[in-house]
Amino acid sequence: MGHRDLPSPNSNVYFIILMLMHLIILARASIHDYQDESFIRRSNSFFFHGGSEGLYASKLDSGNDKSSSEDRPLNGKSFIRFESIIFRRTKESAEKKNEMQQRTGLVEAIVLEVRDREKIGGSYLNSNAICCTPELSKDGSCKVGEVIIQQNPDNPDGPKRIQTFFEGKNEEANMDIQTIEINSTGMYYLYFMFCDPELVGTLISGRTVWRNPDGYLPGKMSPLMTFFGLMSLAYLVLGLFWFLRFLQYWKDIIQLHYHISAVIGLGMCEMALWYFEYANFNSTGSRPMGITIWAVTFSAVKKTVSRLLLLVVSMGYGVVRPTLGGITSKVLLLGVIYFVASEALELVEHLGNINDFSGKARLFLVLPVALLDACFILWIFSSLSKTLEKLQVTLFFMSIDTLTSLTVSSSLQLLREGNKLFRLSLRLKSYAVNMALCLLCTQIRRSMAKLELYRKFTNSLAVSVLLSVAWIGYELYFNATDPLSELWRRAWVIPAFWTLLAYLLLVVICILWAPSHNPTGYAYSEETADDFDDEGISLTGSGVKVAGGDLATKLERKERKASSAAEHHVFGLGEDVEEDKRE
């Protein structure tokens, strides 16, 4: 014990590296299956990583008995159970042994909590070895051929070992069915190890079952089941609100409302499927293939449709343009590619064999999704910038139209003070100008409403991007400062944040584009459609042109309509004419 104060050459470095190598392959199933898996050499030992999970302490007091038979009641208990574990050594290795000898090879199962990692290996003996050597065994600190474990009498919940021996020339050794009860909450690692070089080539088959007090769901994932349940209720509330508004203003529904409804429906199904998938996982210990595939597919579809919704809204679809025009095919192509990439990543993460899912393979699938997300972000903000610019320019030229109309109206009012015989014609022209002025004022109000709408939407997106960047930074910091998953009870917050952020963005869109009795306040209008053509706004020497037609032509056309209407009611103006004559 006193040797711990001596300067050691970091003797447990091999074991820490061994644990780091397997952080990327933390099993997502509570039943870990092994199919003829081989052992890897580290220092003077050979090991196989049997699994890593966060486990909560048992709820029931188990007394002094640290292990139990498989028939012992397990409700409310946390444990690791070894089932059908078989070790197979090579025929050459078996032939070298004496048939009469009882123990001709040793394989050990080591279960340790991550905080006890320094107790594995010869660090406290000032040695780099993991397995005990004749020199280290001289003082009785360890036994030759066994993994060095520093025992602490005051902490019986420290690293545990289960030994399995080969007998005679047998090529197989069966591990007894055993259950190790977990009485301390923590991140637990399981390693199968041997020290005898003659056992090189040994394979392991079988399975281990890991269970928490409330079910088989791993400790990292158990809070997510509650989270998905709450998110299902949140989507249900949002869907109910949207459905009531939809029914209330069903006559004023525009195409964009159907797209928003589809995203809400997909979100509801996604959260419900994930909740039932986790609930089934918690009760059985393995992921149900059917429900998981449906959940993964709905998740990929919802992510794709949500991003497409943000993109088309940013382009002004349904507000400043009736269709997407020639870019429709590009938008759909980006959506299809994103769906395929997202579906592949989700399937491998949730259905693949995690023990074979290396860091390079994960990077190969994560990079395309990250790049496509970056493309969506750039395209969304680029489209928003253009939409806001169009609204501002259109509002500017409408203001010019209004000022010109006011000038014409004032001029006509002054002319009315002149020749009384010409006053009837001037009244008709003044009426036409006032009609045009009212129309322009209405269009200005609509454009201002649209501009304010998109400003709020832009601000919301900007805030979400800033939060995303900040959260990515936190996630990198979290992973960098917790390489051995000691903070596993907080890890569920990282994926939950992205789900919550997507929901909040959807809520913002539902509020801004909620069905109402006056959807034309932000919906696309044919009267102003030409105002948004890129090449339709220009200044010429003869005056102001809007969408290919100058102001004088527009006013003249409106005046002709007003004059035609006045001719049908000319006798209704007779009293005014007679009054003028009397004057």
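Values reported hereafter were calculated over all heavy atoms of this structure, with side chains retained and with hydrogens, waters and symmetry mates removed.
- Contact check for L309 versus I260: side-chain heavy atoms found under the 4.5 Å cut-off.
- For W294, the CH2 atom sits in a loose shell: 12 or fewer heavy atoms of surrounding residues, nucleotides or ligands are nearer than 6.0 Å.
- Annotation for M268 and G239: closest pair CE-CA, 4.2 Å, computed over non-hydrogen atoms.
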### Query
Yes or no on ring pair (Phe, Tyr, Trp, His ring centres under 6.0 Å) for F192 and F47, after CA distance, side-chain angles and deciding distance?
CA-CA 6 Å; F192 295 95; F47 79 95; over 10 Å; no
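- By the 4.5 Å heavy-atom criterion applied to side chains, F457 and I509 are counted as neighbours.
- No hydrogens or angles considered: nothing links the side chains of E37 and H49 as a donor-acceptor pair under 3.5 Å.
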### Query
Checking ring pair (Phe, Tyr, Trp, His ring centres under 6.0 Å) for the pair F376/Y338: CA distance, chi angles, key distance, verdict?
CA-CA 10 Å; F376 268 112; Y338 185 86; 5.6 Å; yes
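- The closest side-chain heavy-atom distance from N212 to L217 is not below 4.5 Å.
- With hydrogens and angles ignored, the 3.5 Å screen pairs a side-chain donor or acceptor of E113 with a backbone N or O of M187.
- For F497, the CZ atom sits in a packed shell: over 12 heavy atoms of surrounding residues, nucleotides or ligands are nearer than 6.0 Å.
- Across every non-hydrogen atom of N174 and T164, the tightest pair is O-CG2, 3.9 Å.
- Shown here for P159 and I120, the closest heavy-atom pair between the two residues is CB-CD1, 4.0 Å.
- You'll find the side chain of I86 stays beyond 4.5 Å of the side chain of M175, heavy atoms only.
- Taking the six-membered ring for Trp, Y56 and W488 have ring centres closer than 6.0 Å.
- The pair D482-R490 does not meet the salt-bridge criterion, since no charged nitrogen lies less than 4.0 angstrom from a carboxylate oxygen.
- Distance check: N183 CG to F79 CZ gives 13.0 Å after rounding to the nearest 0.5 Å.
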### Query
Yes or no on side-chain contact (heavy atoms from CB on, under 4.5 Å) for L112 and Y191, after CA distance, side-chain angles and deciding distance?
CA-CA 9 Å; L112 73 151; Y191 291 98; 4.1 Å; yes
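- Counting only heavy atoms from C-beta outward, the side chains of V114 and Y188 never approach each other to under 4.5 Å.
- A donor-acceptor contact closer than 3.5 angstrom links the side chains of E343 and T297.
- Here the OG1 atom belonging to T179 is positioned 10.0 Å from the CD1 atom belonging to I80, to the nearest 0.5 angstrom.
- With hydrogens and angles disregarded, no donor-acceptor distance shorter than 3.5 Å links the side chain of H259 to the backbone of L256.
- You'll find the ring centres of Y278 and F228 inside the 6.0 Å limit.
- Side chain of R287 to backbone of F281: no donor-acceptor contact under 3.5 angstrom is found.
- Of all heavy-atom pairs between S45 and M193, the closest is OG-CE, 3.7 Å.
- The side chain to side chain donor-acceptor pair (under 3.5 Å) test applied to R161 returns E108, not counting sequence neighbours.
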### Task
Apply side-chain contact (heavy atoms from CB on, under 4.5 Å) to the pair C510 and L238, showing each step before the final yes or no.
CA-CA 9 Å; C510 289; L238 179 61; 4.1 Å; yes
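- Between the side chain of S460 and the backbone N or O of K456 there is at least one donor-acceptor pair closer than 3.5 Å.
- In this structure, the side chains of R115 and S184 come closer than 4.5 Å at one or more pairs of heavy atoms.
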### Query
Between Y258 and F246, does a ring pair (Phe, Tyr, Trp, His ring centres under 6.0 Å) hold up when you go through it step by step?
CA-CA 10 Å; Y258 293 101; F246 207 90; 5.5 Å; yes
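- The pair R211-E53 fails the salt-bridge criterion, with no side-chain N (NZ, NE, NH1 or NH2) lying under 4.0 Å from an Asp/Glu carboxylate O.
- Side chains of R81 and T208: a donor-acceptor N/O pair is absent below 3.5 angstrom, by distance only.
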### Pair F39-L203, side-chain contact (heavy atoms from CB on, under 4.5 Å): steps then yes or no
CA-CA 7 Å; F39 289 71; L203 302 177; over 6 Å; no
### Task
Show your working on ring pair (Phe, Tyr, Trp, His ring centres under 6.0 Å) between F298 and W274 and close with a plain yes or no.
CA-CA 10 Å; F298 267 93; W274 278 124; over 10 Å; no
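- Residues meeting the side chain to side chain donor-acceptor pair (under 3.5 Å) test with W242, sequence neighbours left out: S261.
- To the nearest 0.5 Å, atoms CG (L236) and CZ (F243) are separated by 12.0 Å.
- Minimum heavy-atom separation, L55 to S78: CB-OG, 3.8 Å.
- Taking the ring centroids of Y503 and Y235, they lie under the 6.0 Å cut-off.
- At least one side-chain heavy atom of S516 sits under 4.5 Å from a side-chain heavy atom of R245.
- With values rounded to the nearest 0.5 angstrom, N280 atom CG is found 11.5 Å from Y275 atom OH.
- Side chain of S382 to backbone of W379: no donor-acceptor contact under 3.5 angstrom is found.
- No donor-acceptor distance shorter than 3.5 angstrom exists from the side chain of S314 to the backbone of S383, with no hydrogens or angles considered.
- With rounding to the nearest 0.5 angstrom, the CG atom of L273 is 12.0 Å from the CD1 atom of I293.
- Aromatic ring centroids of W210 and H32 lie under 6.0 Å apart.
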### Query
For V493 and F478, what are the C-alpha separation, side-chain angles and deciding distance, and is it a side-chain contact (heavy atoms from CB on, under 4.5 Å)?
CA-CA 11 Å; V493 178; F478 182 86; over 6 Å; no
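- With values rounded to the nearest 0.5 angstrom, L500 atom CG is found 10.5 Å from L505 atom CG.
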### From CA spacing to verdict: side-chain hydrogen bond (donor to acceptor under 3.5 Å, both in side chains), T202, R88
CA-CA 5 Å; T202 298; R88 293 184 179 87; over 6 Å; no
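- Residues L224 and W492 share a closest heavy-atom pair of CD2-O, 3.7 Å.
- In this structure, the side chain of D214 does not engage the main chain of G76 through any donor-acceptor pair within 3.5 Å.
- Side-chain contact between I85 and S205: absent, with no pair of heavy atoms (C-beta onward) separated by less than 4.5 Å.
- Listed by first and then second residue, the salt bridge (Lys or Arg N to Asp or Glu O under 4.0 Å) pairs that reach into residues 288-309 are E270-K302, K303-E346, R307-D373, sequence neighbours excluded.
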